[in-house]
Amino acid sequence: MAAAPTSSQPVAGARAASRVLPRGGGLRAFPESAPASLRFSVGRRRAARLEVKASANVFGNYFQVATYGESHGGGVGCVISGCPPRIPLTEADMQVELDRRRPGQSRITTPRKETDTCKILSGTHEGVTTGTPIHVFVPNTDQRGGDYSEMAKAYRPSHADATYDFKYGVRAVQGGGRSSARETIGRVAAGALAKKILKLKSGVEILAFVSKVHQVVLPEDAIDYETVTMEQIESNIVRCPDPEYAQKMIDAIDKVRVKGDSIGGVVTCIARNVPRGIGSPVFDKLEAELAKAMLSLPASKGFEIGSGFAGTDYTGSEHNDEFYMDEAGNVRTKSNRSGGVQGGISNGEIIYFKVAFKPTATIGKKQNTVSREHQDVELLARGRHDPCVVPRAVPMVESMAALVLMDQLMAHIAQCEMFPLNLALQEPVGSASSVPAFAPDLS
């Protein structure tokens with residue numbers, strides 16, 4: 001019987017390849033046929049340790065949120081790290097926002113019935129945060145895995161079914177697993193805490209509303225960004241603060257809902273009283289972080305801040321936001337086409353941006369697709385899905401905006417307030433009263 005090859009005996013047929021020398025030697029990194037002038041040896045070294053860093057389920061650098069769970073698994077939730085200590089926090093604080101996000105709110109949302117009741121499992125003591133990781137859990141209680149039997153075999157057009165298989169070679173077929181909007185429960189729970197801290201520290205107020213559903217577009221001058229309230233937004237099931245356009249949007253959703261189809265729309269978000277100086281150029285510019293956060297939301301397909309794409313219609317002299325001194329001695333801008341951000345840094349004006357959401361991919365109409373066995377098939381999807389995602393996306397957009405601002409606020413304090421401020425140019429980020437609210441000039 002032939003002896004097994006050793007480190008000094010290359011496998012037959014491999015003499016032209018690199019050879020591993022006996023222990024104590026180096027790695028001969030050249031074919032034996034190569035000219036001597038091209039040969040080199042690599043000295044002996046320890047075996048490299050292979051590490052895979054796949055942290056795509058964690059958002060933020062200082063105020064970090066890790067979400068977990070699948071749509072039809074045991075539950076979903078988040079772990080929040082970096083939260084300051086001694087912040088008043090109860091489950092009721094988070095439940096308010098989770099109730100705005102939950103399914104089954106009205107006829108224009110998915111009929112899935114979930115209370116989305118949250119439980120804080122760690123990180124608080126006697127109603128205040130301890131500075132340690134905060135674990136929030138929400139159980140799934142209305143699971144219908146059987147609704148997805150057809151979708152386990154065929155890819156839903158424009159859904160993540162196919163790409164999850166392409167990437168992982170396996171997927172949770174019920175409800176889309178991690179690609180489901182149910183994953184956003186963890187974001188909204190964490191966002192509720194971020195909104196509370198921002199309000200306490202700097203008086204920041206974040207509001208979002210639906211500004212477009214399909215071809216129904218809310219006029220730009222219909223809403224005063226300085227005065228619009230949560231009560232106006234929550235006064236109807238589509239979350240549009242203008243009653244006339246809200247009804248038009250509801251009618252548009254009803255029209256496709258009864259046909260088993262879906263439509264998309266746009267959510268506008270505003271942040272008032274954001275301190276000057278938030279944002280970290282050059283790669284962590286405030287608008288860049290907001291764009292990443294918004295485009296990480298399920299079904300999101302577009303982002304623009306300030307004048308956005310419409311700004312390309314202006315000349316520089318028309319588009320520039322001219323500075324002036326207000327009566328209180330603050331540097332202000334006469335218009336706000338920048339959307340409250342210049343050079344990646346907040347300037348104290350109202351931050352406003354828009355997020356576009358595509359029509360819901362899962363619809364009740366027969367569609368052509370491909371099976372997991374690579375056969376052309378027809379699919380008639382079952383299950384419970386939103387005919388338009390934008391009404392429920394409103395609290396998701398607000399939450400992601402809060403997470404960005406909270407993370408950037410902590411970064412700013414760590415870098416720029418470690419030593420005394422240059423009071424001729426700077427102000428403490430906690431000085432909410434000196435940060436004016438301002439409605440954008442969209443003329």
Side-chain angles (χ1 to χ4, degrees), residues 57-69 74-103 105 114-141 182-208 229-231 233-234 271-275 278 293 394-414 417 428-433 435:
N57 297 295
V58 180
F59 184 83
N61 297 306
Y62 303 91
F63 190 87
Q64 282 194 330
V65 180
T67 69
Y68 65 86
V76 292
C78 67
V79 177
I80 307 166
S81 300
C83 176
R86 303 181 303 281
I87 303 297
L89 178 66
T90 65
E91 287 151 353
D93 294 327
M94 294 182 170
Q95 198 62 52
V96 171
E97 296 298 328
L98 291 174
D99 287 345
R100 297 175 66 213
R101 193 224 71 93
R102 69 176 176 82
Q105 298 178 36
E114 295 278 2
T115 61
D116 286 354
T117 304
C118 70
K119 182 70 175 178
I120 298 177
L121 302 179
S122 69
T124 64
H125 179 67
E126 296 183 347
V128 298
T129 59
T130 61
T132 57
I134 300 169
H135 183 188
V136 183
F137 176 70
V138 173
N140 293 329
T141 59
R182 191 147 182 81
E183 173 271 329
T184 62
I185 282 178
R187 306 179 191 222
V188 172
L193 175 56
K195 287 170 76 172
K196 183 167 190 174
I197 298 172
L198 289 166
K199 184 72 172 179
L200 289 171
K201 176 64 177 176
S202 301
V204 174
E205 187 177 19
I206 301 171
L207 297 172
T229 65
M230 177 70 75
E231 290 72 26
I233 294 168
E234 294 292 323
R272 299 191 286 234
N273 298 328
V274 177
I278 303 302
V394 165
M396 302 176 196
V397 169
E398 290 177 2
S399 295
M400 292 309 296
L403 293 179
V404 170
L405 291 174
M406 183 65 204
D407 197 50
Q408 289 293 320
L409 177 69
M410 295 179 73
H412 175 84
I413 293 173
E417 296 197 13
V429 294
S431 179
S433 61
V435 182

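Starting from 1, each residue takes its place in the sequence as its number. What you are looking at is a predicted structure, and each value in this text was computed from that prediction instead of being measured. All values below were derived from every heavy atom in this structure, side-chain atoms included, with hydrogens, water molecules and symmetry-related copies excluded.
Residues satisfying the side-chain contact (heavy atoms from CB on, under 4.5 Å) test with T132, not counting sequence neighbours, are T130. For the ring pair (Phe, Tyr, Trp, His ring centres under 6.0 Å) test, residues two or more places apart in sequence or in another chain that qualify with H135 are Y68. With sequence neighbours excluded, the residues that form a salt bridge (charged side-chain N to carboxylate O under 4.0 Å, His left out) with K195 are E97, E398. Listed by chain and number, the residues in a side-chain contact (heavy atoms from CB on, under 4.5 Å) with P133 are V79, S81 (sequence neighbours excluded). Every residue two or more places apart in sequence or in another chain that forms a salt bridge (charged side-chain N to carboxylate O under 4.0 Å, His left out) with E234 is listed here: R100, R239.
In this structure a side-chain-to-backbone donor-acceptor pair under 3.5 Å is present from K196 to P88. Under a 3.5 Å cut-off, the side chain of T90 and the backbone N or O of G127 do not form any donor-acceptor pair. No donor-acceptor distance shorter than 3.5 angstrom exists from the side chain of T67 to the backbone of R187, with no hydrogens or angles considered. Checked by atom type and distance alone, the side chain of D99 never pairs as donor or acceptor with a backbone atom of V96 at under 3.5 Å. In this structure, the side chain of E417 does not engage the main chain of H412 through any donor-acceptor pair within 3.5 Å.
Note on residues 399-408: pairs passing side-chain hydrogen bond (donor to acceptor under 3.5 Å, both in side chains), not counting sequence neighbours, are S280-Q408.
With rounding to the nearest 0.5 Å, the separation of CG in L403 from CD1 in I206 is 8.5 Å. We find the CZ-OG1 distance between R101 and T184 to be 4.0 Å, quoted to the nearest 0.5 Å. Separating the CD1 atom in I87 from the CD1 atom in I197 is a distance of 5.0 Å, to the nearest 0.5 Å. Rounding to the nearest 0.5 Å gives a distance of 6.5 Å between CD of Q64 and CG of N61. Once rounded to the nearest 0.5 Å, the distance linking CZ of R272 with CG of L207 reads 5.0 Å.
Closest approach of V65 and C78 over heavy atoms only: CG1-CB, 4.0 Å. Here the shortest heavy-atom pairing between T129 and P84 reads OG1-O, 2.7 Å. Considering all non-hydrogen atoms of both residues, M94 and I80 come closest at CE-CD1, 4.1 Å. Summarising the geometry of A66 relative to V58, their closest heavy-atom pair is CB-CG2, 3.9 Å, with the distance given to 0.1 Å. Contact between C83 and L193 at its shortest, heavy atoms only, is SG-CD2, 3.7 Å. Of all heavy-atom pairs between A194 and F63, the closest is CB-CE2, 4.1 Å.
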Point to revise | V204/L409 under side-chain contact (heavy atoms from CB on, under 4.5 Å): CA gap, chis, key distance, verdict | key: CA-CA 11 Å; V204 174; L409 177 69; over 6 Å; no

Check your understanding: Step by step, would you call E183 with V76 a side-chain contact (heavy atoms from CB on, under 4.5 Å)?
Key -> CA-CA 7 Å; E183 173 271 329; V76 292; 6.0 Å; no

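Taking the side chain as every heavy atom from C-beta outward, V138 and R182 approach each other to under 4.5 Å. Two residues are said to be in side-chain contact when any heavy atoms from C-beta on lie closer than 4.5 Å; V404 and F59 meet this criterion.
Exactly one residue among I120, T124, V136, L98 makes a side chain to side chain contact (heavy atoms under 4.5 Å, CB included) with E91. That residue is I120.
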